[in-house]
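To keep things clear, I will list the structure first and then write my remarks on it.
Predicted model, so just to flag it, every value in this text is computed and none were measured.
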Amino acid sequence: MKKSCLLILSLLMCCHISTFAQSVEVPRDTSYTIVSTFLHNKKYHPNIELAKQELPENVVAYENVVYTTLHNTPYGERELRLNIYRPKDKKVCPALIMVHGGGWNSGDKSLQVPMAMAIAAQGYVTITVEYRLRPEATYPAALHDLKTAVRWARANAAQYGIDKKRIAMSGCSAGGQLATLVGMTNGSKRHEGNGEWAKQSSKIQAVVSMDGCSTFISQNNIDDTNEKARKYNKMPMTAQWLGGLYEDAKENWTEASPVAWVSRHSAPVYFINSQLPRYSDGKEELIKKLDAYGIYHESYMHDAPLHTFWFFHPWFQPTVNHTVKFLDKVFKSTGKRKQT
């Protein structure tokens, strides 16, 4: 009887510990939102207006779909989710996986929803994706999550009407760096990770980078990060995400720099930028490498004097239009395209 009671008590304790382990909340920085960004920028740019989140009549939504489950994490079984928007017709469409910004530390997939809805209305399956941020995991977790999302899209292409041969990725700010890295590392095993859907390819056929840096290993960036660390006696967020200052984490700084991985397998890129030069770091060097392989690219600079132009009118709709025009050209044009 005594042994039975001890066994039952032991089982109850194990269940309690298991439940506790799975109930631990994932650490999040919730400071970066569309509303907070709008209120901050409105003070300096009073004419801006926030783009509304409205599901077009010709678009259907599938939201909070689990695309992968991470096992044995400090937070239990960790599900990563995405939203899907596509035309209501039954056509097979190209897909655009959309990566939010937030300095690799904050933000969530909802930041991309207004633009995803607008682009879906023009004939694309758009997918806004959750990925692990710095409070939860440092580089390369985010990259591996995004590669997994691409493989998921191919594995589930029939269910959502996705053309497996035409998958692009866009990103804003930190998301632009990640999207570009995914596209430049097409076929690179060292960047792939060990996520789900391993039988599918993670290659993408186009990248749209909105004010996303193309390198971490420029001397200006290294010097700026070191100066901030010295001045504020605190590790800058970029260095935290990459595992340390450049001198202490050279491998990560290089591995996370899109400019270091251009190959003949890399995807065409559209650079959409604001007037702020710091967000174009590495762009010209990346373009030279794309040219060396004959890989198509375009560039467009808004008259936007602020970074997060994609949230606001008057730049929201032009950004949508430029993105769709580029994707149409890459996915639907025939014949050799001239680089611009």
Return the orientation label for the [X] and [Y] ring planes: parallel under 30°, perpendicular over 60°, tilted otherwise.
X      : Y      : answer
His100 : Tyr131 : parallel
Phe312 : Phe38  : tilted
Tyr139 : Trp241 : perpendicular

Exercise. Report the C-alpha separation of Leu286 and Val262 in whole Å, then their side-chain angles, then the decisive distance to 0.1 Å, and conclude whether the side-chain contact (heavy atoms from CB on, under 4.5 Å) test is met.
Key: CA-CA 8 Å; Leu286 184 61; Val262 182; 3.1 Å; yes
Do [X] and [Y] have side-chain N/O donor and acceptor atoms under 3.5 Å apart?
X      : Y      : answer
Lys147 : Thr185 : yes
Ser218 : Asn220 : no
Ser202 : His191 : no
Asn41  : His307 : no
Trp315 : Asp303 : yes
Glu77  : His71  : yes
Tyr246 : Asp223 : no

Quiz item: Would you say Arg28 has more than 12 foreign heavy atoms packed within less than 6.0 Å of its CZ?
Solution: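 Count over threshold, so yes.
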Exercise. Please check if atom CD in Glu247 has more than 12 non-hydrogen atoms from other residues, nucleotides or ligands closer than 6.0 Å.
Key: yes
Quiz item: Are Ser170 and Tyr270 side-chain neighbours, meaning at least one heavy-atom pair lies under 4.5 Å?
Solution: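 When only atoms from C-beta onward are counted, Tyr270 and Ser170 do not touch, as no gap falls below 4.5 Å.
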Quiz item: So, do Tyr279 and Trp310 have ring centers that fall under 6.0 Å from each other?
Solution: no
Salt-bridge criterion met for [X] and [Y] (N-O under 4.0 Å):
X      : Y      : result
Glu63  : Lys109 : no
Lys42  : Glu49  : yes
Glu227 : Arg230 : yes

Kindly say whether [Y] contributes a backbone atom to a donor-acceptor pair with the side chain of [X] at under 3.5 angstrom?
X      : Y      : value
Lys283 : Ser214 : no
Arg86  : Val125 : no
Ser106 : Asp29  : yes

Exercise. Start with the C-alpha distance between Ile127 and Tyr67, add both sets of side-chain angles, then the distance that settles side-chain contact (heavy atoms from CB on, under 4.5 Å), and finish with yes or no.
Key: CA-CA 11 Å; Ile127 302 169; Tyr67 74 88; over 6 Å; no
Quiz prompt | Distance-minimising heavy-atom pair for Lys228 and Pro236 | solution = CB-CG, 3.9 Å
Quiz prompt | Minimum-distance pair of heavy atoms, taken over all atoms of Ala95 and Ile162 | solution =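 Smallest heavy-atom distance, with atoms named: CB-CG2, 3.7 Å.
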Practice problem: Answer yes if Met115 and Met117 sit in the same cluster of Ile, Leu, Val, Met, Phe, Trp and Tyr residues linked by side chain heavy atoms under 4.5 Å apart, and no otherwise. | Solution: no
Exercise. Report the C-alpha distance between Thr37 and Phe311 in whole Å, list the side-chain angles of each, state the deciding distance to 0.1 Å, and finish with yes or no for side-chain contact (heavy atoms from CB on, under 4.5 Å).
Key: CA-CA 9 Å; Thr37 304; Phe311 290 143; 4.0 Å; yes
Quiz item: Checking side-chain contact (heavy atoms from CB on, under 4.5 Å) for the pair Leu133/Asn105: CA distance, chi angles, key distance, verdict?
Solution: CA-CA 5 Å; Leu133 298 166; Asn105 188 70; 5.7 Å; no
